[in-house]
Amino acid sequence: MSAEPDVIRKCMWPVCLMGLFVTGILSLDCNLLNVHLRRVTWQNLSLLRRMSKSFPIECLKESKAFELPQEILSHTQPLTRDIKEAFYEMSRQAFHIFIQDTFKSNWEEKHLRQVQIGLDQQLQYLEQCLEEEEENEDMREVAEDERTQSGTPVPQLSNLELRRYFNRIDRFLKDKKYSHCAWEIVRVEIRRCFYFFHKFTALLRRK
């Protein structure tokens, strides 16, 4: 008679774990967003470095300049929401790159999977916090005040430029037929992108 409850418990255990995971995502404190983004971005930087033991010398001749948007390179101080939206766009585009079933590389699969999970969690967290901001009328008014203070527009990150940047990366992979060298070049480039976004977490902390 005890067999049936045992079976039920075994079936329910994965459901319980998933419930805890979803609850954890939904209950994240947006006041700690900068801490989460800093931690996950640093983890992804480390994972991308460890995914490949060294950059293949034979791939140097195929290197390409993908032109990361100047607003990111110059480390300007855009509005808090602009940083969050740029982080969301970057995470979405990077996630799209890394879930493609076209890998021709000897990357460590466990590291790749961890990068995918980290980006997915980051997207869920950012979605929650951006939605909360949209519901907050006072925050929108503050943002408009920041844009017009002293009569000088505050530099803003362009999601359109970010999309174009990642489109160039995606097109490069397609043109190179997703070769091993192409993926190695993309790995280094996205790691560079993550590095600059990691700097932006300090700006979120100051806001």
Side-chain angles (χ1 to χ4, degrees), residues 34 36-78 82-127 155-204:
N34 69 297
H36 174 82
L37 291 177
R38 189 171 184 82
R39 178 176 58 81
V40 173
T41 306
W42 184 256
Q43 285 176 349
N44 284 338
L45 272 167
S46 178
L47 287 166
L48 285 172
R49 177 179 56 81
R50 286 184 283 159
M51 272 163 60
S52 184
K53 293 178 181 177
S54 61
F55 185 83
I57 296 176
E58 66 272 16
C59 298
L60 287 173
K61 61 184 178 183
E62 298 186 37
S63 292
K64 177 180 174 62
F66 295 101
E67 300 176 19
L68 191 63
Q70 188 59 42
E71 298 95 331
I72 297 171
L73 291 173
S74 60
H75 198 206
T76 52
Q77 296 196 25
D82 290 331
I83 298 175
K84 293 174 185 176
E85 288 178 345
F87 249 106
Y88 178 81
E89 187 64 33
M90 180 274 291
S91 303
R92 190 173 72 88
Q93 296 289 345
F95 183 72
H96 168 73
I97 293 288
F98 285 124
I99 62 169
Q100 296 188 56
D101 189 23
T102 51
F103 285 100
K104 294 180 182 177
S105 182
N106 56 356
W107 288 352
E108 287 281 350
E109 188 174 342
K110 64 177 181 180
H111 293 155
L112 175 61
R113 182 62 183 147
Q114 286 175 296
V115 170
Q116 292 169 343
I117 291 171
L119 287 169
D120 184 50
Q121 290 178 356
Q122 192 162 288
L123 279 168
Q124 292 183 60
Y125 198 169
L126 284 160
E127 281 177 3
Q156 298 177 52
L157 293 172
S158 170
N159 286 344
L160 177 60
E161 287 303 314
L162 264 177
R163 284 194 289 272
R164 286 173 175 167
Y165 165 72
F166 277 100
N167 282 341
R168 286 191 288 272
I169 292 175
D170 200 28
R171 191 163 57 247
F172 172 76
L173 283 168
K174 289 176 182 175
D175 290 346
K176 296 294 182 179
K177 303 188 187 307
Y178 303 96
S179 67
H180 170 67
C181 277
W183 275 115
E184 283 297 322
I185 290 167
V186 166
R187 177 183 66 85
V188 172
E189 178 62 29
I190 293 185
R191 187 167 180 265
R192 175 171 171 262
C193 176
F194 285 174
Y195 170 77
F196 282 103
F197 268 90
H198 187 259
K199 285 187 174 183
F200 277 126
T201 59
L203 296 181
L204 280 173

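We're numbering straight along the sequence, starting at 1. All of these numbers come straight from a predicted model, not from anything done at the bench. Only this structure's heavy atoms are used, side chains among them; waters, hydrogens and symmetry mates stay out.
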Enquirer: Kindly give the heavy-atom pair with the smallest separation between I99 and Q116, and that separation in Å.
Expert: CA-NE2, 3.8 Å
Enquirer: Around F55, counting heavy atoms of other residues, nucleotides and ligands shown, do more than 12 lie under 6.0 Å from its CZ?
Expert: yes
Enquirer: Is any side-chain heavy atom of L37 closer than 4.5 Å to one of L126?
Expert: yes
Enquirer: Could you check whether the rings of F172 and F66 sit parallel, tilted or perpendicular, using 30° and 60° as the cut-offs?
Expert: perpendicular
Enquirer: State whether the side chain of R168 and the backbone N or O of E67 hold a donor-acceptor pair below 3.5 Å, judged by distance alone.
Expert: yes
Enquirer: Quick check: does any side chain N or O of D170 sit under 3.5 Å from a backbone N or O of F166, one acting as donor and the other as acceptor?
Expert: no
Enquirer: Is there a side-chain contact (heavy atoms from CB on, under 4.5 Å) between V40 and Q121 once you walk through the steps?
Expert: CA-CA 9 Å; V40 173; Q121 290 178 356; 5.6 Å; no
Enquirer: So do the side chains of K176 and C181 get within less than 4.5 Å of each other, counting heavy atoms only?
Expert: no
Enquirer: Quick check: does any side chain N or O of T201 sit under 3.5 Å from a backbone N or O of H198, one acting as donor and the other as acceptor?
Expert: yes
Enquirer: Is any side-chain heavy atom of R163 closer than 4.5 Å to one of L160?
Expert: yes
Enquirer: Compare all side-chain heavy atoms of Y88 with those of K84 and state whether any distance is below 4.5 angstrom.
Expert: no
Enquirer: Name every donor-acceptor pair, under 3.5 Å, that has one atom in a side chain of residues 90-98 and the other anywhere in the protein, sequence neighbours excluded.
Expert:
| unit_1 | atom_1 | unit_2 | atom_2 | d |
| --- | --- | --- | --- | --- |
| S91 | OG | F87 | O | 2.7 |
| S91 | OG | Q122 | NE2 | 2.6 |
| R92 | NH2 | E89 | OE2 | 2.9 |
| Q93 | NE2 | E89 | OE2 | 2.8 |

Enquirer: Taking it one step at a time, do R113 and I117 satisfy side-chain contact (heavy atoms from CB on, under 4.5 Å)?
Expert: CA-CA 6 Å; R113 182 62 183 147; I117 291 171; 4.0 Å; yes
